[in-house]
Amino acid sequence: MPELPEVEVTRLSFAARIEGARVTGVRVGKPLRWPLGCAPEALLAQTVGAVTRRGKYLWLPLDRGGLLMHLGMSGSLAFGDVDPVPGPHDHFDLVTTGGTLRLTDPRRFGAVVWSPSSETGVAAKRLARLGIEPFDPRFDGAHLHAALRRRKVSVKQALLGGEIVVGAGNIYACEALYQAGIDPRTRSDRISRPRADRLAAVIRAVLARAVDVGGSTLRDFRDAHGNAGAFQLEAGVYGRAGTTCQRCGGTIRRIVQGGRASYFCAGCQRR
DNA sequence: AAGTGGACCTGCTAGC
DNA sequence: TGCTAGCAGGTCCACT
């Protein structure tokens, strides 16, 4: 579910409210992707710092280390007054003096892991391979072109991998390639510099626009206030197989690449 | 080393 | 109506 925009929208919806709060309780539900990595009681009485984001991960600093959180495919965070009776998919509660941060994740591909810092331990291991942030000024056409030149996989798979640039998952990779007019099957090393310039620009624009409208809610995404996103309403290709392209009148197709669905317009996206 | 396919887990929907 | 197969926003790992 959550790609960079959903994670960022989530962060923005609770970061200011949890900062400075003190942990008064921890509840752990069913196992998530990775073990917590510390005794839950060890988190008690610590104060939460400023929540940051790296790719699709959130970093919640504490007095001693912090929590690295990932929403997987179906996770969402709520903060504030949560139901005192946790539901079957509520797998982690961080009770604080400012409210409870609750991870709900039916598929349990998400994670909450303690790490001694964001640059060491488990966090370092998870974040090490991530590519550049799309809003980093150093991410531009030259950067993208140079990275794509080293890969032979399709440009769609290269974007999804997250080792070149983080944040564009299946929805936004499809949308960015659509807006750039690039066929998702194009080999990475065949993307010209002008097309890389355009692609870098639209990746940033698509992700920024999605953050502005609260992310995409395909089924269950909510920010920490419980608000749904609206980007899915303005998607050009994602989930629209068989419909007509708004730009050229062609037909939107669905194919599978690397086991993931890709949506694109056969009329205006070229190799 | 880079590329590929399967694994993780649950819920929903389309189709018979 | 009820069952089943297929599909879903993301990573990681083993294997070639």
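Scope of the values below: all heavy atoms of this structure, side chains included, with no hydrogens, waters or symmetry mates. In what follows, chains are A, B, ... by sequence order, proteins preceding strands, each numbered from 1.
In the displayed structure, A:Q246 atom CD is contacted under 6.0 Å by at most 12 heavy atoms of other residues, nucleotides or ligands. Atom CG of A:D83 is surrounded by more than 12 heavy atoms from other residues, nucleotides or ligands within 6.0 Å. Under a cut-off of 6.0 angstrom, the local environment of CZ in A:R271 is crowded, with over 12 non-hydrogen atoms contributed by other residues, nucleotides or ligands.
The residue among A:R126 and A:Y263 whose nearest nucleotide of DNA chain C is located toward the 5' end is A:Y263. Both A:R33 and A:S154 lie near DNA chain B, and the one whose nearest nucleotide falls closer to the 5' end is A:S154.
One atom, CD of A:Q157, and another, P of C:dG10, lie 14 Å apart when rounded to the nearest Å. Atom CG of A:L32 and atom P of C:dT11 are 15 Å apart (whole Å). Note: CZ (A:R53) to P (C:dG10) measures 14 Å, nearest angstrom. Atom CG in A:L160 sits about 14 Å away from atom C1' in C:dA8, given to the nearest Å. Whole-Å rounding puts the A:I171 CD1 to C:dA8 P distance at 11 Å. Protein atom CZ of A:R219 is 15 Å distant from nucleotide atom C1' of C:dG10, rounded to whole Å. Distance A:L130 CG to C:dG10 C1': 12 Å, rounded to the nearest Å. In this structure, CE of A:M73 is placed 14 Å from P of C:dC12, rounded to the nearest angstrom.
Paired with A:L77 under the rule side-chain contact (heavy atoms from CB on, under 4.5 Å), one option of A:L94, A:T104, A:L58 passes, and it is A:L58.
Using a 4.0 Å heavy-atom cutoff across all strands shown, A:Y172 reaches no nucleic acid atom at all. Residue-level contact check: A:A261 touches the backbone only, with heavy atoms under 4.0 Å from sugar-phosphate atoms and none from bases. As judged by a 4.0 angstrom heavy-atom cut-off over every strand, A:K125 is placed among residues making no nucleic acid contact. The residue A:R151 sits close only to the backbone: its heavy atoms come under 4.0 Å of sugar-phosphate atoms, none of a base. Contact annotation for A:Y57: backbone-only contact, meaning every heavy-atom pair under 4.0 Å involves sugar-phosphate atoms and none involves a base. Among the atoms of the strands shown, only primed sugar atoms or phosphate atoms (P, OP1, OP2) are found under 4.0 Å from some heavy atom of A:G169.
In terms of phosphate contacts, A:R129 brings a side-chain nitrogen or oxygen within less than 4.0 Å of OP1 or OP2 of C:dC12. An OP1 or OP2 oxygen of C:dG10 is reached within less than 4.0 angstrom by no side-chain nitrogen or oxygen of A:H70.
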Dot-bracket notation for DNA chain C, counting Watson-Crick and G-U pairs under 3.5 Å, with | for partners on another strand: .|||||||.|||||||
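Under the 4.5 Å side-chain heavy-atom criterion for grouping Ile, Leu, Val, Met, Phe, Trp and Tyr, A:V153 is not connected to A:L160 through any hydrophobic cluster.
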Could you give me the CA-CA distance, side-chain angles and deciding distance for A:R17 and A:H225, then say whether side-chain contact (heavy atoms from CB on, under 4.5 Å) is met? CA-CA 11 Å; A:R17 293 187 290 146; A:H225 293 287; 3.3 Å; yes
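The minimum heavy-atom distance between A:W114 and A:C38, with the atom names listed, is CB-SG, 3.7 Å.
Between the CG atom of A:L144 and the CZ atom of A:R149 there is a distance of 11.5 Å, given to the nearest 0.5 Å.
The side chain of A:E3 lies closest to C:dG10 when the candidates are C:dC7, C:dG10, C:dC12. Distances were taken from every side-chain heavy atom of A:R254 (C-beta onward) to each of C:dG10, C:dG9, C:dA8; the shortest belongs to C:dA8.
A salt bridge does not link A:K56 to A:E3: none of the charged side-chain nitrogens sits closer than 4.0 Å to a carboxylate oxygen.
At a cut-off of 3.5 Å, with distance as the only test, no side-chain donor of A:D223 or A:T10 sits close to an acceptor on the other residue.
The aromatic ring centres of A:Y263 and A:Y178 sit 6.0 Å or more apart.
When the P atom is compared between B:dG6 and C:dG6, the two are found 14 Å apart, to the nearest whole Å.
Of all nucleotides in DNA chain B having an atom under 4.0 Å from a heavy atom of chain A, the first and last in 5' to 3' order are B:dG3 to B:dC12.
By the criterion of a centre-to-centre distance under 5.5 Å and near-parallel planes under 30°, the ring of A:F109 forms a stack with the base of C:dG10.
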